[in-house]
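Excluded from the calculations below are hydrogen atoms, water molecules and symmetry mates; all remaining heavy atoms, backbone and side chain alike, are included. The first residue in the sequence is number 1, and the count goes up from there. Start at 1 and go down the list; that is how both ligands and their atoms are numbered. Everything numeric here is computed off the predicted structure, so don't read it as measured data.
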Amino acid sequence: MRTYHRTKCRACDGPLRLVLDLGHSPLANSLSATPEEARALPWYPLRMCYCTSCWMVQLDVAIPSEELFSHYVYETPAAASLHLHYEHLIETIASVYERVSGSDVGPKRCVEMGSNNGEFLVAMRNRWDIPLLGIEPARNIVDIASKRGVPTVCEFFGLDTVDELISTFGTTDLFVARHCMAHLDDLRGTLCAIAKILDEDGVAVIENAYVMNTLRGGQFDQIYHEHHSYFAVRPMKRLLEECGLHLRYAATSPIHGGTVVLFASKKPGDTVHDSVARALLDEGMMPRELEAFAFRAKTCIAGLQRGLTGLGTIDSYGATAKGNTLMNVLTGAKSLVRYAVDSTPSKQGLFLPGTGIEVISEERAREERPDAYLLTAWNYAEEIAAKNREFTDRGGKFVVPLPFPRLA
Ligand code: TMP
Ligand code: ZN
């Protein structure tokens, strides 16, 4: 796989400074067919840096997006907490859209990039009876979306493809990019492509993990090669403007450990919501938060390393990308952890990158209970605890790894 080393910020060409060096790691989503294959994968440097000019937090070693995402095992789970989040997000879209366009009947179309298996577009369809289009680069995931009746094209969205997409499908007044911007090396190009496909009254909705939560929660496991950037409002406001988009509202949500949803319009607005000023004020703490984060991450890793021995048999819960970062920074995780439990059928029977740990279903997990689960899918803690009540009632434990390892 091709990698290259960035010495300048992907948003503004400013200088990069190292925040946290996690050594080397294999690609966190490259689940393999055999344990041998999983353990023989190449490992790449994993270093979180930040730009001292615009404060965009980012990795300095990059792997081209096309090589990361043409086949993908991540499928958006049909989790109840996600559906609640979608409902709230859709109502916020309705309100911002009304403010920007002056129309209270909602958007006329919706295009979503990185639409995965179509979960969010299905929620959109339940709210508005409008034409929808998903743009998703992974062929295997597009097939799943198409089978569910969600119109989806197999394509990378960006400057190279936007003109063809416009000539085939037209422009749109609502463009959604949820949890995919972090995956792009060419952020600027993608934002310019969004500005191009949007109508004059159009609104872009960009959701990502919020770096302030990542830092304050010591979430070092969010660092993996698929995540090129870690978003804050300050650098994004400036970059959006340079690409012809105007930030109007910045919502935050506790989902997935904390996300920020940026609402940007194509036409400059005369009103910018207070949420933007509040976020900018809070982000003034960022340089200090970065330092505290590096300390928190290192002590958490050391604590886990010592604390996991002596707990008996341990399985991890959630064959997540972040779980792979976590296990690959520990020494000897492959002998500490027996299985990884995950509800996603396409992950089951595969082996985790680096450790070679087998992924098993939740049904099988109920037959082969460990003494403790390392909760690598901590963002679904409540749902996972609820469906495993019988395990904890009998004395089984969950190890919640972040921000400080603890038993639950
Ligand atoms: P994510 O944090 O990257 O979204 O991944 C969460 C993983 O957790 C996903 O692979 C599915 C898995 N999962 C379960 O195994 N059981 C569950 O109840 C839920 C909600 C998720
Ligand atoms: Zn920068």
Distance (rounded to the nearest 0.5 Å) between Leu374 CG and Leu304 CG: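 If we round to the nearest 0.5 Å, Leu374:CG and Leu304:CG are 6.5 Å apart.
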Looking only at protein heavy atoms, which one is nearest to [atom], and what is the separation?
| atom | answer |
| --- | --- |
| atom 20 (C) of ligand 1 | Tyr380 CG, 3.5 Å |
| atom 17 (C) of ligand 1 | Lys387 NZ, 3.4 Å |
| atom 3 (O) of ligand 1 | Tyr74 CE1, 3.3 Å |
| atom 2 (O) of ligand 1 | Lys322 NZ, 2.6 Å |

For the residue pair Lys322 and Trp378, would you count it as a cation-pi contact if the rule is NZ or CZ under 6.0 angstrom from the ring centre and within 45 degrees of the ring axis?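 Yes.
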I want to check a possible cation-pi pair here: Arg406 against Phe398, using under 6.0 Å from ring centre and within 45° of the ring axis as the test.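 Not flagged: Arg406 not positioned over aromatic ring of Phe398.
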Check the orientation of Phe120 and Tyr86. Use parallel for under 30°, tilted for 30 to 60°, and perpendicular for over 60°.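 Rings of Phe120 and Tyr86: perpendicular, over 60°.
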N-O pairing of Arg47 and Asp60 below 4.0 Å: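 Result for this pair is yes, salt bridge flagged.
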Please identify which atoms of ligand 1 are closer than 4.0 Å to at least one heavy atom of [X].
| X | value |
| --- | --- |
| Thr344 | 9 (C), 10 (O), 11 (C) |
| Ala377 | 8 (O) |
| Glu362 | 14 (C), 15 (O), 16 (N), 17 (C), 18 (O) |
| Ile384 | 17 (C), 18 (O) |

What I want to know is whether [X] and ligand 1 share at least one N or O pair that is separated by under 3.5 angstrom.
| X | answer |
| --- | --- |
| Thr320 | no |
| His256 | no |
| Asp342 | yes |

Out of Ala28, Ala80, Ser343, Gly318, whose heavy atom sits nearest atom 13 (N) of ligand 1?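 Looking at heavy atoms only, Ser343 sits closest to atom 13 (N) of ligand 1.
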May I have the angle between Cys51 SG and Cys54 SG with its vertex at the Zn ion (ligand 2), rounded to 10°?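 The two atoms form an angle at the metal of about 120°.
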Apex the Zn ion (ligand 2) - arms SG from Cys12 and SG from Cys9 - angle rounded to 10°: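 Roughly 110°, rounded to 10°.
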Test of ring centre spacing under 6.0 Å for [X] and [Y]:
| X | Y | result |
| --- | --- | --- |
| His183 | His228 | no |
| His256 | His85 | no |
| Tyr317 | Tyr380 | no |

For His227 and Gln58, test the side chains for any donor-to-acceptor distance below 3.5 angstrom and give the result as yes or no.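 Result is no, nothing qualifies.
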